[in-house]
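These values consider heavy atoms only, across backbone and side chains, with no hydrogens, waters or symmetry-generated copies.
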Amino acid sequence: MSSEVAVGRSAAQEFVARIGGRIRALRKQRGWSVQQLAEAGGLSRRMLTDIELGQANPSLATVDRVARALDTDFAALALPERDTEDEQVEGTLVWQDADGSHALLLAATQDPRAELWRWTLAPGGHYDAEPDRPGAQEIHHVLAGRLTLSLETGPHVMAPGQSAVIASDQEYAYRNDGTEPVVFMRVVTGA
């Protein structure tokens, strides 16, 4: 399984189109060329063009790097606009895999910045993350199954009802080594 946004289903296509349009609008607001933003975000001009057109399959880390280059955050690019504060949203699908694993971005705050996610990993599923900014952290809380966090210090296995805080400015991964789906909540701060 890769850490890329799957483009196969309509919800994922909607997500890719939304982030592409927002990236293009923010780039133009700043008066930047595609090349300037590509260099600031650490990716090729071709990749950025494909992202803006909704034709790319960017990793979540790539979207995050572009967001930082635009002085915004992942959630600002990913979450749909809401008409009212009271509107109920089931979450935005931002990652999925053919095995049924997926990640929903549920909500985010602006100041301080924090993101609330709900992840599901199918048996045998995994997600390889890229390091976040220095000082970034994640809180994980397992609702069902057994989650294995693969960290630089070694694996950390969590059962339902257990929580952990990790530094996410390191190489890390989420794994489901069991036979039941893993469902967990994830709060990201400082990314």
Side-chain angles (χ1 to χ4, degrees), residues 1-6 11-12 14-23 25-26 41-43 51 56-97 101-121 125-145 147-151 156 158 162-176 182-191:
M1 176 171 358
S2 73
S3 60
E4 294 184 349
V5 176
E14 186 177 304
F15 167 75
V16 170
R18 179 172 40 253
I19 62 169
R22 288 184 178 163
I23 288 169
L26 288 171
L43 62 155
I51 291 170
N57 192 14
S59 70
L60 303 181
T62 296
V63 175
D64 193 48
R65 282 195 314 271
V66 173
R68 284 191 300 236
L70 290 167
D71 197 29
T72 190
D73 60 27
F74 183 93
L77 295 177
L79 288 173
E81 298 279 333
R82 292 192 306 167
D83 293 333
T84 68
E85 289 296 317
D86 296 331
E87 183 180 349
Q88 298 295 315
V89 183
E90 291 185 23
T92 300
L93 178 68
V94 297
W95 174 79
Q96 63 185 349
D97 193 61
S101 298
H102 60 275
L104 296 172
L105 178 57
L106 301 175
T109 60
Q110 291 184 356
D111 191 22
R113 290 181 175 174
E115 301 168 0
L116 176 63
W117 295 73
R118 181 181 173 105
W119 283 70
T120 301
L121 291 178
H126 74 280
Y127 177 85
D128 297 316
E130 294 182 30
D132 290 322
R133 295 180 197 195
Q137 294 183 315
E138 294 184 3
I139 302 169
H140 301 96
H141 180 77
V142 178
L143 301 172
L147 173 66
T148 300
L149 298 172
S150 297
L151 308 170
H156 179 73
M158 299 169 53
Q162 293 184 323
S163 300
V165 177
I166 67 164
S168 59
D169 57 358
Q170 62 178 312
E171 296 276 334
Y172 65 104
Y174 311 130
R175 290 193 337 248
N176 179 357
V182 171
V183 180
F184 65 98
M185 303 302 289
R186 171 183 175 230
V187 176
V188 180
T189 63

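Taking each heavy atom of Gly125 and Leu121 in turn, the nearest pair found is O-CD1, 4.2 Å. A pairwise comparison of heavy atoms in Pro58 and Val63 identifies CG-CG2, 3.9 Å as the closest pair. Residues Glu171 and Ala129 approach most closely at OE1-O, 4.3 Å, considering heavy atoms. Residue Val16 comes nearest to Ala56 through the heavy atom pair CG1-O, 3.6 Å, listed as atom of the first residue, atom of the second, then distance. Ala164 and His156 get closest at one heavy-atom pair: CB-NE2, 3.9 Å. Between Pro131 and Asp169, the shortest heavy-atom distance links the atoms CB-C, 3.8 Å.
Counting heavy atoms from C-beta on, the side chains of Leu104 and Thr92 never come closer than 4.5 Å. In this structure, Leu105 and Glu115 have side chains that are in contact, with non-hydrogen atoms separated by less than 4.5 Å. At least one side-chain heavy atom of Gln137 sits under 4.5 Å from a side-chain heavy atom of Thr189. The side-chain heavy atoms of Gln170 and Leu151, taken from C-beta on, include a pair separated by under 4.5 Å.
Listed by chain and number, the residues in a side-chain hydrogen bond (donor to acceptor under 3.5 Å, both in side chains) with Trp119 amount to none (sequence neighbours excluded). Taking Arg175 as the reference, Ser150, Asp177 meet the side-chain hydrogen bond (donor to acceptor under 3.5 Å, both in side chains) condition, with sequence neighbours excluded. Shown here are the side-chain contact (heavy atoms from CB on, under 4.5 Å) partners of Ile139, two or more places apart in sequence or in another chain: Val165, Val187. Every residue two or more places apart in sequence or in another chain that forms a side-chain contact (heavy atoms from CB on, under 4.5 Å) with Arg22 is listed here: Arg18, Leu77, Glu81. Glu138 meets the side-chain hydrogen bond (donor to acceptor under 3.5 Å, both in side chains) test with His140, Tyr172, Tyr174, Arg186; sequence neighbours excluded. Every side-chain contact (heavy atoms from CB on, under 4.5 Å) that Arg118 has, sequence neighbours left out, goes to Leu106, Leu143, Val183, Met185. Not counting sequence neighbours, Thr120 has no partner by the side-chain hydrogen bond (donor to acceptor under 3.5 Å, both in side chains) test.
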Show your working on side chain to side chain contact (heavy atoms under 4.5 Å, CB included) between Ile23 and Ile51 and close with a plain yes or no. CA-CA 8 Å; Ile23 288 169; Ile51 291 170; 3.7 Å; yes
Go through the steps for Leu149 and Met158 under the test side chain to side chain contact (heavy atoms under 4.5 Å, CB included), then give the verdict. CA-CA 8 Å; Leu149 298 172; Met158 299 169 53; 3.7 Å; yes
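Atom CG in Leu43 sits 6.5 Å away from atom CZ in Arg65 (nearest 0.5 Å). Atoms CG and CG, from Leu147 and Asn176 in turn, are 8.0 Å apart once rounded to the nearest 0.5 Å. Interatomic distance, NE2 of His126 versus OG1 of Thr148, reported as 12.5 Å (0.5 Å rounding).
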